[in-house]
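The structure appears below as structure tokens.
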Amino acid sequence: MIPNVLTVAGSDSGGGAGIQADLKTMLALGVHGMSVVTAVTAQNSLGVQGAWELPVESVRAQYRSVVDDIGVQAVKTGMLASAELVEAVAELIAGTDAPAVVDPVGVSKHGDALLAASALDSVRTKLLPVATVATPNLDEVAQIAGVRVEAERDMRTAAAAVLAYGPRWVLIKGGHLPGDAVDLLTDGSEEHWLRAPRHDNRHTHGTGCTLASAVASQLAKGQSVPEAVAAAKDYVTGAVAAGFALGGGIGPVDHGWRFRTGTER
Ligand SMILES: Nc1ncnc2c1ncn2[C@@H]1O[C@H](COP(=O)(O)OP(=O)(O)O)[C@@H](O)[C@H]1O
Ligand SMILES: Cc1ncc(COP(=O)(O)O)c(N)n1
């Protein structure tokens, strides 16, 4: 049986992040990927040129179509755009018997807003409490929990501040710090530091989406949260190492790197 994994996220027309990154990651990790589109972005290597939300009833209908007939072994959320969509998705997840990986996407790599400021409170009070794993980057930790991480030693404080909103686990992504690419996974009692060499590659569009989808894929295969995150970190590290130029700006990570190096599993 191939596990089913659902992404609830925005479309990136450039194919490097969002729904497109999620589905490619799921294919690479051997699960069946499905999608609920929350918003459509006109996006490329230079930035986001436009974004349009889908009506909340369309998001609900897509979700119900997938879950009621096909079933899901894990859900991943990405760009949710508005408070209304955040609240609808949180409610749908609460009624689904599957682990949920919540990537609280706030802004794109180019600094374009992908979540309304008015939606932050719904992220804190509705979405984070239904997350099995929340995967904020350092900007999102600052936005959500008001904690500034300037060095690795601040990541523990950041994790505790996010855990206070109710996710079972939090993965603080330290990709924006200088030095090694260090992330911290914790549930408040166990602590796992994930350390990988920083690849000096500017083509990192889609790292966060890719990591969260990889975690969801591994959870769907039955791995524990620490196992799933370790496997996902391996996958995203390889994808960043193989990231390639596209257009005139920041290119995408390579979701297919294992097919090209023959190390797929
Ligand atoms: N240059 C890099 N080399 C290796 N790993 C990286 C690099 N940049 C980010 N990562 C890793 O990619 C994942 C996504 O992190 P990050 O870039 O912080 O998130 P986001 O895409 O949400 O901003 C993390 O595991 C992070 O450590
Ligand atoms: C539709 C959409 N969703 C998410 C991101 C964030 O991308 P990243 O993975 O680089 O943080 C993006 N740029 N576009």
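These numbers were taken from a predicted model, which means no experiment stands behind them. As a basis for the values below, the full set of heavy atoms in this structure was taken, side chains included, without hydrogen atoms, waters or symmetry mates. Counting starts at 1 for both ligands and their atoms, following the listed order.
Contact check on Glu191 versus Arg156 returns a salt bridge, with a Lys/Arg side-chain nitrogen under 4.0 Å from an Asp/Glu carboxylate oxygen. Remark: Arg260 engages Asp254 in a salt bridge, criterion side-chain N to carboxylate O under 4.0 Å.
At least one donor-acceptor pair under 3.5 Å links the side chain of Thr210 to the backbone N or O of Gly206. A donor-acceptor contact shorter than 3.5 Å links the side chain of Ser224 to the backbone of Glu227. A donor-acceptor contact shorter than 3.5 Å is absent between the side chain of Arg195 and the backbone of Val182.
The one candidate from Met155, Glu152, His192 that meets the side chain to side chain contact (heavy atoms under 4.5 Å, CB included) condition with Leu184 is Met155.
In terms of the side chain to side chain contact (heavy atoms under 4.5 Å, CB included) criterion, residue partners of Arg168 (sequence neighbours excluded) are, by chain and number, Thr132. Residues meeting the side chain to side chain contact (heavy atoms under 4.5 Å, CB included) test with Val48, sequence neighbours left out: Thr41, Gln43, Ser108, Asp112, Leu114.
Within the 4.5 Å cutoff, no side-chain heavy atoms of Val31 are placed close to those of Asn4.
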Mind listing the N or O contacts between ligand 1 and protein, cut-off under 3.5 Å?
{"unit_1": "ligand 1", "atom_1": "1 (N)", "unit_2": "Arg198", "atom_2": "NH1", "d": "3.4"}
{"unit_1": "ligand 1", "atom_1": "1 (N)", "unit_2": "His199", "atom_2": "O", "d": "3.0"}
{"unit_1": "ligand 1", "atom_1": "3 (N)", "unit_2": "His199", "atom_2": "N", "d": "2.9"}
{"unit_1": "ligand 1", "atom_1": "17 (O)", "unit_2": "Thr207", "atom_2": "OG1", "d": "3.2"}
{"unit_1": "ligand 1", "atom_1": "18 (O)", "unit_2": "Gly175", "atom_2": "N", "d": "3.2"}
{"unit_1": "ligand 1", "atom_1": "21 (O)", "unit_2": "Lys109", "atom_2": "NZ", "d": "3.2"}
{"unit_1": "ligand 1", "atom_1": "21 (O)", "unit_2": "Thr207", "atom_2": "OG1", "d": "2.7"}
{"unit_1": "ligand 1", "atom_1": "21 (O)", "unit_2": "Gly208", "atom_2": "N", "d": "2.9"}
{"unit_1": "ligand 1", "atom_1": "22 (O)", "unit_2": "Asn137", "atom_2": "ND2", "d": "3.3"}
{"unit_1": "ligand 1", "atom_1": "22 (O)", "unit_2": "Lys173", "atom_2": "NZ", "d": "2.8"}
{"unit_1": "ligand 1", "atom_1": "23 (O)", "unit_2": "Asn137", "atom_2": "ND2", "d": "2.9"}
{"unit_1": "ligand 1", "atom_1": "23 (O)", "unit_2": "His176", "atom_2": "NE2", "d": "2.7"}
{"unit_1": "ligand 1", "atom_1": "25 (O)", "unit_2": "Asp183", "atom_2": "OD2", "d": "2.5"}
{"unit_1": "ligand 1", "atom_1": "25 (O)", "unit_2": "Lys233", "atom_2": "NZ", "d": "3.2"}
{"unit_1": "ligand 1", "atom_1": "27 (O)", "unit_2": "Asp183", "atom_2": "OD1", "d": "2.9"}
{"unit_1": "ligand 1", "atom_1": "27 (O)", "unit_2": "Lys233", "atom_2": "NZ", "d": "2.9"}

Which pairs of N or O atoms, one from ligand 2 and one from the protein, are separated by less than 3.5 Å, and what is the distance for each pair?
{"unit_1": "ligand 2", "atom_1": "9 (O)", "unit_2": "Gly208", "atom_2": "N", "d": "3.2"}
{"unit_1": "ligand 2", "atom_1": "9 (O)", "unit_2": "Cys209", "atom_2": "N", "d": "3.0"}
{"unit_1": "ligand 2", "atom_1": "10 (O)", "unit_2": "Lys109", "atom_2": "NZ", "d": "3.2"}
{"unit_1": "ligand 2", "atom_1": "10 (O)", "unit_2": "Gly206", "atom_2": "N", "d": "2.9"}
{"unit_1": "ligand 2", "atom_1": "13 (N)", "unit_2": "Gln43", "atom_2": "OE1", "d": "2.8"}
{"unit_1": "ligand 2", "atom_1": "14 (N)", "unit_2": "Gln43", "atom_2": "NE2", "d": "3.1"}

